[in-house]
Amino acid sequence: MTLIKHSVSNILVAQSIAKPWRALRRVSGALGMLLLLSHCAAMSTLLPVTEPSVSAPTEAQAEPNAVAHNATATAVISPTVWPALTADLAERYQQAKTLMRQQDYAGASQLLQPLAEVVPAAAGIRYNLALCYWQLAQTEAARLQLTQLLELRPDYVAASNLLGVIARQAGHFRQAERHWLAVLNQQADYADAHKNLGFLYELYLQQPEQARYHYTQYQQLTGDPLAEVWLSLLPQQE
């Protein structure tokens with residue numbers, strides 16, 4: 001995040017002292033590289049690690065962990081799944097989690113899909129299957145799993161958060177806003193929803209004061225030093 005913002009600042013300085021045509025070429029090339037770096041970072045920081053109790057999801061990570069201006073979505077790998085799985089199903093779920101840790105999302109999805117059909121009420125399985133689909137750019141399949149999950153578990157805020165990420169990536173900014181505000185309506189201290197809304201308001205909706213509020217909330221909840229940088233780059237209040 002810091003890299004991207006400071007890189008953009010350096011581009012603007014260069015533009016002010018270089019010939020117009022050279023500055024334009026420099027800006028175009030640098031922005032292309034920044035977009036590539038942002039995409040790679042977003043995809044690489046979603047490595048599944050851990051999941052809290054499915055009965056009270058409180059995970060605070062998302063698409064990426066601390067990527068400057070990219071929405072975040074959480075990898076949820078649950079040691080237990082409600083309802084309880086048989087030994088055979090639990091073994092397959094463990095194998096799927098291992099594959100996700102290895103970023104083999106295609107292999108993991110092949111194990112998770114039949115599990116979701118056999119145990120449709122297992123929220124962790126559905127969420128992880130949605131994450132796999134999302135990582136594989138199968139967004140409609142991911143959206144379907146998340147929607148079905150929320151029908152069973154309306155309080156599963158990680159699912160709403162990921163729906164917001166998918167909406168933002170598709171350019172549906174107001175829809176993303178609704179998803180993330182719904183998250184905060186259920187869990188006001190869900191830090192990633194505040195961060196995602198901060199990015200959304202600053203970069204896409206041009207509402208700096210709203211961005212300032214959510215960056216501040218995120219900073220207070222996490223102590224992330226990057227939040228201070230994001231706040232400092234917003235237009236100063238008069």
Side-chain angles (χ1 to χ4, degrees), residues 1-9 34 38 41-42 44-76 123 127 130-131 134 146 149-150 153-238:
M1 171 64 189
T2 307
L3 171 62
I4 295 176
K5 284 197 166 185
H6 284 303
S7 298
V8 172
S9 299
L34 291 177
S38 174
S44 64
T45 54
L46 243 173
L47 181 61
V49 180
T50 183
E51 177 191 34
S53 171
V54 173
S55 62
T58 58
E59 61 278 2
Q61 299 301 323
E63 169 208 348
N65 186 8
V67 173
H69 279 93
N70 234 322
T72 55
T74 309
V76 173
Y127 182 74
L131 271 173
W134 176 61
L146 294 169
L149 169 53
L150 288 170
R153 290 283 308 279
D155 63 330
Y156 207 94
V157 291
S160 295
N161 184 60
L162 182 51
L163 281 172
V165 172
I166 292 172
R168 198 279 297 162
Q169 290 178 327
H172 303 314
F173 303 135
R174 288 300 181 185
Q175 186 179 91
E177 178 189 32
R178 288 193 294 272
H179 284 303
W180 288 326
L181 289 175
V183 170
L184 295 178
N185 188 51
Q186 295 222 36
Q187 187 176 323
D189 62 350
Y190 196 92
D192 274 349
H194 284 294
K195 178 167 65 172
N196 290 338
L197 280 166
F199 294 158
L200 183 73
Y201 286 129
E202 179 188 0
L203 297 178
Y204 301 100
L205 299 180
Q206 287 75 52
Q207 297 178 240
E209 292 312 309
Q210 291 281 58
R212 190 186 314 278
Y213 170 78
H214 288 287
Y215 284 153
T216 300
Q217 294 299 308
Y218 173 76
Q219 181 184 44
Q220 292 175 352
L221 288 166
T222 66
D224 188 343
L226 283 176
E228 188 64 36
V229 178
W230 303 333
L231 286 164
S232 70
L233 293 174
L234 289 172
Q236 297 300 309
Q237 292 177 308
E238 296 183 358

Query raised in the report: Is Tyr213 close to Gln217 at the side-chain level, that is, under 4.5 Å between some pair of heavy atoms?
Result: yes
Query raised in the report: Atom CG in Leu231, atom CD in Glu202: separation rounded to 0.5 Å?
Result: 9.0 Å
Query raised in the report: To the nearest 0.5 Å, what is the distance between CG (Asp224) and CH2 (Trp230)?
Result: 5.0 Å
Report summary line: In this structure, CG of Leu181 is separated from NE2 of His214 (nearest 0.5 Å) by 6.0 Å
Query raised in the report: Once the angle between the rings of Tyr156 and Tyr127 is folded into 0 to 90°, is it parallel (under 30°), tilted (30 to 60°) or perpendicular (over 60°)?
Result: tilted
**Report entry** Closest non-hydrogen atom pair between Ser160 and Val183, with its separation
**Finding:** CB-CG2, 3.5 Å
Report summary line: All heavy atoms of Ala191 vs all of Leu221, minimum pair found to be CA-CD1, 4.0 Å
**Report entry** Closest non-hydrogen atom pair between Pro235 and Arg212, with its separation
**Finding:** O-NH2, 2.5 Å
Query raised in the report: Does Ala188 offer a backbone N or O that forms a donor-acceptor pair with the side chain of His194 under 3.5 Å?
Result: yes
Query raised in the report: Are the side chains of Glu177 and Leu200 in touch, meaning some heavy atoms are under 4.5 Å apart?
Result: yes
Report summary line: Of all heavy-atom pairs linking Ala167 and His179, the shortest is CB-CD2, 4.4 Å
Requested in this report: State, to 0.1 Å, how close Lys195 and Tyr215 come at their nearest heavy-atom pair, and which atoms those are.
Outcome: O-CE2, 4.3 Å
Report summary line: Heavy atoms of Tyr204 and Phe199 approach each other most closely as CD1-O, 3.9 Å
Requested in this report: Could you walk me through whether Asp155 and Gln187 pass the side-chain contact (heavy atoms from CB on, under 4.5 Å) test, one step at a time?
Outcome: CA-CA 9 Å; Asp155 63 330; Gln187 187 176 323; over 6 Å; no
Report task. Answer with yes or no whether the side chains of Asn196 and Asn161 bring together a donor and an acceptor at under 3.5 Å. Result -> yes
Query raised in the report: When you look at Leu197 and Gln210, which way does the side-chain contact (heavy atoms from CB on, under 4.5 Å) test go after all the steps?
Result: CA-CA 8 Å; Leu197 280 166; Gln210 291 281 58; over 6 Å; no
Query - Donor-acceptor pair, side chain of Gln186 and main chain of Pro154, under 3.5 angstrom - result: yes
Query - side-chain contact (heavy atoms from CB on, under 4.5 Å) evaluation trace for Arg168 with Trp180 - result: CA-CA 10 Å; Arg168 198 279 297 162; Trp180 288 326; 3.8 Å; yes
Query - Pair Glu209, Tyr201: side-chain N/O donor-acceptor within cut-off below 3.5 Å - result: no
